[in-house]
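Working notes, structure below.
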Amino acid sequence: MKLLTHNLLSSHVPGLRPGGGFPLRIELGRPSELPPEPSPGYEADEEFLRRLHHVLLEVEVLEGSLQCPDSGRRFPISRGVPNLLLSEDEA
Amino acid sequence: MEHEATQLEKQHVHSVYENTAAYFSDLQTKAWPRVRNFLLEQKPGSLVVDIGCGTGKYLSVNSQVYNLGCDYCEGLVEIARKKGDEVLVCDNLNLPFRDQCFNAVISIGVIHHFSTKQRRIKAIKEMARILTPGGQIMIYVWAMEQKNRRFEKQDVFVPWNKALCSRHFSESNQSGDKGDFVHSAKGQDIHPAQLVISECSYQNNLHPETDSKHPRNMDHCLPRACCMKISEEENRFYSALGRSFRSWFFSRSLDESALRKQNDKMKHLKHEGVWASSAVPIQHSRHCSLDLGHHGALLNEQSLDDDDDVFVESLSLKKPQWSPAPDALKDLSLNGGHQSVAQSKGDKASFINGPVEDKDCIYDCNKDGAGKSDASKVFKRTSTTDSTDSALDSAVSVGDQTDAMLDTKAFMRYYHVFREGELSSLVEENVPELQILSSCYDHGNWCIIAERRG
């Protein structure tokens, strides 16, 4: 799973407050290598853009999980594929 | 109804794809041209998602956009992943995506697997939700109206047979639905919408002359019959065989069923004993349809005993008037009924469990007149055939278990095939956030392109 994909995902556990499902927390050991916010004028910052491109599109999460920020429900990622299915009881 | 719908789909969509996923890895199926064009027209840098991507056939069409695919079936998603696609597992009815984040969505051969109108609407609404204003969606669904004929009913079961997943087929295959493919023998009157049941074992090479005992099978999974290119030799072979096996299985629409009264159920219980003795032939003529039972019995809590599974049941019976065709029923019996279709006892979700609702059901599709009998209550012929085939041609042997090579499985997939205009109406009436831009008929599918209003 690429980080750009992660950007698009939201937890869909029922009963969350609006926006409560995003962003899913990636559980891995690695710390982020990017600043929390892009600095103004980032579009012109070649160096920053390269790092951003790398993180978004060239880093893949292979094993781990995505945790819903509000409910705590975890969605597994295995072999690079996140499984966002809810069980029949949950949905 | 929700529960029944999910059970039906679990058994006749998800489980089938999961079990047959392994066979799809061989297929190099082509993308539908229209879908390709839709994808290629997206601006570079667009975020595009294929909902129900299967093995990811469309995910590498346009490398200038960000392609994401998702599917309910893990097996298929794994295959796409191995190809390097960015994929995830999720449910169309509950997409794990943020609102309005995609520039384009495609749904090719997916929503026809939803068993109720409400679910189909929900699927479309979910896809509309994740579209950015101005973003476009393309939806393909199987059409009731096929090239030469049409399905007689909208809710059908389509058998799948692994004999179809031959590498040989894959090259010339052009499919749009998770690797389904169809044969269209040239010059043959083999209709795309006709399904062939076969018990041929899986083979890579098709050599008709060596295989007279094991006729091959063409699973004419709709709607792609017109696009196959196979050798002349095969054409002739298939044309000869194809006519022998044609079956559609019609299910009762869950939507319709929901309107029926419960007291129908009571009638069924009386007929329970009848099943044990009845031969249950698979319908044979092109236009025959089998009504596999009324919703009340679909997920019949009071399931019948060992005789629940009509297909299994029928195997033990021999009917001389049937042609010595391969044992198609064996296919349908699902090899012990473990993972495929008609589950037998204990499985409340068995779609085929239920006895039918009318006393005057007949199941004889044999002109010799297997005739009406109590047993015939199992199936109901809902249309007559105008086929010029002889009874033998169209008949399929029920109890004829000739060879031990019958190891192919047939899984029955549920489809709700769409009438002309149905998809458009569905969107117009229920999904106001989408505006339809165009609609057309393409290779046995109804197709629409709609835009998210902004």
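Keep in mind that this is a model prediction, so the values were computed, not measured. A note on names: the letters A, B, ... follow the listed sequences, proteins ahead of strands, and every chain is numbered from 1.
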- Message: For a side-chain contact (heavy atoms from CB on, under 4.5 Å) check, start with the C-alpha distance between A:R79 and B:R81, then their side-chain angles and the critical distance, and finish with the verdict.
- Response: CA-CA 8 Å; A:R79 291 188 293 254; B:R81 179 72 195 169; 5.6 Å; no
- Note on the structure: What one should report as the nearest heavy-atom pair of B:N94 and A:H12 is O-CD2, 3.0 Å
- Query: Around atom NZ of B:K125, are there more than 12 heavy atoms of other residues, nucleotides or ligands at under 6.0 Å?
  - Reply: yes
- Task: Let me know if A:L24 has heavy atoms under 4.5 Å from chain B in its side chain, its backbone, both or neither.
- Result: neither
- When rounded to the nearest 0.5 Å, the distance separating SG of B:C101 from CG of A:L8 is 5.0 Å
- Message: Can you tell me how far apart CG (A:L84) and CZ (B:F97) are? Round to the nearest 0.5 Å.
- Response: 7.5 Å
- Message: Do B:D91 and A:L86 have side chains that approach each other closer than 4.5 Å (heavy atoms only, starting at C-beta)?
- Response: no
- Spacing of CG belonging to A:L4 relative to CG belonging to B:L47, to within rounding of 0.5 Å: 6.0 Å
- Do B:Y66 and A:K2 have side-chain heavy atoms sitting under 4.5 Å apart? yes
- Message: Does any part of the side chain of A:E88, heavy atoms only, come nearer than 4.5 Å to the side chain of B:Q7, both counted from C-beta?
- Response: yes
- Which atoms of A:S11 come close to chain B, meaning under 4.5 Å heavy atom to heavy atom: side chain ones, backbone ones, both, or neither? neither
- Report yes if some heavy atom in the side chain of A:M1 is under 4.5 Å from a heavy atom in the side chain of B:E86; otherwise report no. yes
- Query: So do A:L9 and B:R98 actually touch side chain to side chain, heavy atoms under 4.5 Å?
  - Reply: no
- Spatial distance of atom CG (B:N67) from atom OG1 (A:T5) [nearest 0.5 Å]: 10.5 Å
